[in-house]
Amino acid sequence: MARLAQTAGLTDVQQEILSTVRDFVDKEIIPVATELEHRDEYPQQIVDGLKELGLFGLMIPEEYGGLGESLLTYALCVEEIARGWMSVSGIINTHFIVAYMLKQHGTQEQKDHFLPRMALGEVRGAFSMSEPALGSDVSAITSKAVKDGDEYVLNGQKMWLTNGGSSNLVAVLVRSDEGHPEGTAPHKSMTTFLVEKEPGFGEVRPGLTIPGKIDKMGYKGVDTTELIMDGLRVPANRVLGGTTGRGFYQMMDGVEVGRVNVAARGCGVAQRAFELGVSYAQQRHTFGKPIAQHQAIQFKLAEMATKVEAAHAMMVNAARKKDSGERNDLEAGMAKYLASEYCKEVVEDAFRIHGGYGFSKEYEIERLYREAPMLLIGEGTAEIQKMIIGRRLLEEYRLQG
């Protein structure tokens, strides 16, 4: 077996796309990723290369200038990119979620206006649900939109926007009580607004401020920011889908496919950690032989490879289920949960194989060791995934009578 995590049943087109992406990762991302990450530098040259490959429009329909590919193709590309540098996959993923939400829920005018430029990477997306005080409790959102003639006035503070500075389109979830009487369930009085802005930091349009990059332990290079709305005026035609009160469902649909992509990121990072571990184990000698010949290390490698294979299989299954048009929240939750947990474990085992050198910034595994924990949180924590999984299992196995 030449490589782990092979996918059966791919078309010639899918295989050609993946081969092109893998070649780009090996030549353009892996050689520079650690240096850029240590400088917390935005990978502009890499992003420009992804634009040329058409990756920003991979799942956007051909009628809007995209490639019209499946979620499976996209997830496998994300896996390859994350294998090179997880931050780059984050730049693509948030853009993809906004494009997906527009494709599924946008008005025809919104699709015509945004999707062709998103396919080219000229319009780059970010999405915003979280706030400083709510974490996973989306129903506790306090940011609010109030109707004022043909516009809405938005006020509030949002948190943890990937691409917050570099994007020029943000899908923002806020409360909108207009048309929803007091006592309406919180999730039925939320609306997603499509907010256009200038890239950068500071006041990026009247009433909208992106304060600056949040300094993080890992997941560097990509900009993660806050978003502050203070009298931000948004036209009514920028309500996603044209009707208020549907924002929660639109965002959850986007997050569901986002979970497949977070699972793909976990698979990619775990695969790279295994590659580094198995390579180092054959180069490092102790007690007169390569450490790969010690049974303890062989056991670690066996466990790591098995976890990489299992996570990849679950991710592929979740993507294929969504592509078939079936409900996949159970499979997506399982894939995201397993892949992120296994990624953390595989990275730690590779770190242990490296011994003291794993603690040195000269070795790539040090970067992966700081990146893996983000996957335990992004698109819903492990605890949230287990809640989703548990509820769906009870639906499927409900006792009769």
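Sequential numbering from 1 along the given sequence is applied to the chain's residues. In what follows, every heavy atom counts, from backbone to side chain, and hydrogens, waters and symmetry copies are set aside.
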Is there a donor-acceptor pair closer than 3.5 Å between any side-chain N or O of Arg205 and the backbone N or O of Glu196? yes
Compare all side-chain heavy atoms of Leu71 with those of Tyr100 and state whether any distance is below 4.5 angstrom. no
Is there a donor-acceptor pair closer than 3.5 Å between any side-chain N or O of Asn168 and the backbone N or O of Glu122? yes
inquiry  = Looking only at side-chain N and O atoms, does Glu364 offer a donor or acceptor that is under 3.5 Å from a partner on His354?
reply    = no
Without swapping roles, check the side chain of Lys344 against the backbone of Ser340 for a donor-acceptor pair under 3.5 Å.
-> no
Could you check if a side-chain atom of Glu345 sits within less than 4.5 angstrom of a side-chain atom of Lys307, using non-hydrogen atoms only? yes
Answer yes or no: is there a donor N or O on one side and an acceptor on the other, between the side chain of Arg370 and the main chain of Met217, under 3.5 Å?
yes
Pair His95, Ser167: side-chain N/O donor-acceptor within cut-off below 3.5 Å
no
Can you confirm whether Val195 sits close enough to Ser128 that some side-chain heavy atom of one is under 4.5 Å from a side-chain heavy atom of the other? no
| field | Main-chain N/O of Gly164 paired with Asp223 side-chain donor or acceptor, under 3.5 Å | value | yes
Quiz item: Between the side chain of Asn155 and the main-chain N/O of Gly231, is any donor-acceptor distance below 3.5 Å?
Solution: yes
Next item on the list: Return yes if some donor-acceptor pair links the side-chain N/O of Lys336 with the main-chain N/O of Leu375 below 3.5 Å, else return no.
Entry: yes
| said: Looking at Glu379, is its backbone amide N or carbonyl O close enough to the side chain of Gln385 to form a donor-acceptor pair, meaning the two atoms are under 3.5 Å apart? | reply: yes
- Query: Going by distance alone, is a donor N or O of one side chain under 3.5 Å from an acceptor N or O of the other, for Ser279 and Glu275?
  - Reply: no
Crowded around Asp150 CG? As in, over 12 foreign heavy atoms under 6.0 Å?
-> no
Would you call the rings of Tyr363 and Tyr280 parallel, tilted or perpendicular, where under 30° means parallel and over 60° means perpendicular? perpendicular
